[in-house]
Amino acid sequence: MKRRILLLSALAMLGMATMPTYAQSKIVVKIAGMKPDGEPETVGMKLFAKYVMEATKGKYDVQVFPNSQLGKEDAYIAQTRKGIIQMCATGTQTGSIFPAMAMLEAPMLYDNLEHAHRAMNGETFKLINQGFSEKSGLTTLNAFPLGFRHFYTKKPIKNVSDLKGLRMRVPNIPLYIEFAKNLGQSGQPMPFAEVPSALDQGTIDGGDSPFSDIVALKMYEIAPNITLSGHLLVIHSLYINNDFYNKLPPEDKKIFEDAAKRSAEDVWKMAADAEKKAIEEIKKGGGTIAEPSAEMKAALVKAGQDTWQLFYKTVPNAKEILESVKQYK
Ligand code: G3P
């Protein structure tokens, strides 16, 4: 009898040792991003991490790797799809997996930030994402606004003709390459992290970025002419690997979803204010801010809306998605 009790206790101890002990060992969640510290994408990732860790009382150790620390965007998206890391933040690079994702950044679509905010919290976001998860192995948890893109160039831009032939950096995304082509520019595709050295080396004449990027990388020091084209709102999202996500206990899954939504709302609130501060910083740093002429505004609308042809060719419900935006005006 005594021997049997000893055996049972030994088995019980062995069993305990092999059971997951969440209280003692934290579950590590790695999130990669491309933007430097202080930018909306990084702020959003860090807030998400904080909210998850607080709500789960430290069950998860959510580690944030901004500024392409885990590789450039294409590399870390692939790592997330393979489950090497659990999450990432990126933009419409995911359009190369599923073309509708590029529509998150359809040019000349929104009247202002509030309009986009309502669409991203509503039907438009859902329609764009329909089918993405099955195709990519990733789930899109939210939408962070990074700001409207504006041109930064070495030479001032006064008229549409000044844009012609300019070597402008573009993300390696068909939509961006098409937009540059429509304006007569020579689009130079390259990853975000390579832009400052390309400007330094003179291989590009400028590019287009939201104020958050223009300020963080001090683009205005080399390309001081900022033209307020505002042609496209940059939306980056938190993506999570489906295998990891679907294995989360339901209460934790809800915490991840709530944290993603809450962090996105925080970033939407910061967006308008951030633009005003950025303009002051650019001016202080020697940059100039110019309003585009009426002629240029018309050319931007045309070039932007002409890119929608790409969506009609590659996204079966493109028309429905574009139409859905109207209800949020
Ligand atoms: O969302 C994709 C695109 O906005 C990324 O642009 O300039 O950050 O590479 P960028």
Side-chain angles (χ1 to χ4, degrees), residues 32-45 66-69 71-77 80 88-110 113 116 120 125 128-129 132 136 138 140-153 167-180 185 187-199 204-220 222-223 226 229-239 264 267 271 274 278 304 307 310-311:
M34 69 171 92
K35 301 294 182 187
D37 259 331
E39 286 224 38
E41 180 192 273
T42 313
V43 170
M45 291 195 295
N67 211 8
S68 302
Q69 283 172 29
K72 293 182 186 139
E73 46 272 28
D74 286 346
Y76 71 67
I77 294 168
T80 316
C88 68
T90 190
T92 49
Q93 280 82 2
T94 47
S96 66
I97 310 168
F98 189 72
M101 297 307 278
M103 295 187 72
L104 286 168
E105 296 187 342
M108 293 298 175
L109 187 60
Y110 302 113
L113 269 175
M120 288 297 104
F125 182 79
I128 290 174
N129 277 282
F132 171 68
S136 64
L138 302 172
T140 320
L141 293 180
N142 66 4
F144 294 128
L146 269 55
F148 284 94
R149 288 182 102 94
H150 304 289
F151 293 129
Y152 51 90
T153 47
R167 295 164 309 160
M168 297 290 267
R169 176 268 168 173
V170 288
N172 192 11
I173 297 173
L175 166 70
Y176 283 86
I177 297 168
E178 183 76 6
F179 180 69
Q185 301 171 340
Q188 307 285 318
M190 68 182 71
F192 175 72
E194 291 174 18
V195 178
S197 60
L199 278 174
I204 52 173
D205 303 312
D208 66 332
S209 284
F211 280 127
S212 51
D213 287 345
I214 295 174
V215 167
L217 299 190
K218 295 194 188 316
M219 314 272 200
Y220 55 84
I222 313 171
I226 316 296
S229 46
H231 47 278
L232 181 163
L233 178 64
V234 181
I235 299 278
H236 283 202
S237 298
L238 278 176
Y239 294 91
V267 176
T307 65
L310 272 184
F311 305 141

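When a ligand or atom number is given, it counts from 1 through the structure's own listing order.
Judged purely by distance below 3.5 Å, without hydrogens or angles, the side chains of T80 and Y239 never pair a donor atom with an acceptor atom.
Residues satisfying the salt bridge (charged side-chain N to carboxylate O under 4.0 Å, His left out) criterion with D37, sequence neighbours excluded, are K46.
Considering F148, Y110, F151 as possible partners of H231, the one that fulfils the ring pair (Phe, Tyr, Trp, His ring centres under 6.0 Å) test is F151.
Distance check: L238 CG to L138 CG gives 11.5 Å after rounding to the nearest 0.5 Å.
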Under 3.5 Å: N or O atoms of ligand 1 paired with protein N or O:
residue  : atom  : partner : partner atom : Å
ligand 1 : 1 (O) : T92     : N            : 2.9
ligand 1 : 1 (O) : E105    : OE1          : 3.1
ligand 1 : 1 (O) : E105    : OE2          : 2.6
ligand 1 : 1 (O) : H236    : NE2          : 3.1
ligand 1 : 4 (O) : E105    : OE1          : 3.1
ligand 1 : 4 (O) : E105    : OE2          : 3.1
ligand 1 : 4 (O) : R149    : NH1          : 3.0
ligand 1 : 4 (O) : Y176    : OH           : 3.0
ligand 1 : 6 (O) : R149    : NH1          : 3.2
ligand 1 : 7 (O) : R149    : NH2          : 2.7
ligand 1 : 7 (O) : R169    : NH1          : 2.6
ligand 1 : 8 (O) : K35     : NZ           : 2.4
ligand 1 : 9 (O) : R169    : NH2          : 2.8

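Classification of the F211-H150 ring pair by plane angle, with boundaries at 30° and 60°, yields tilted.
Salt-bridge check for E194 with K72: passed, with a basic side-chain N closer than 4.0 Å to an acidic carboxylate O.
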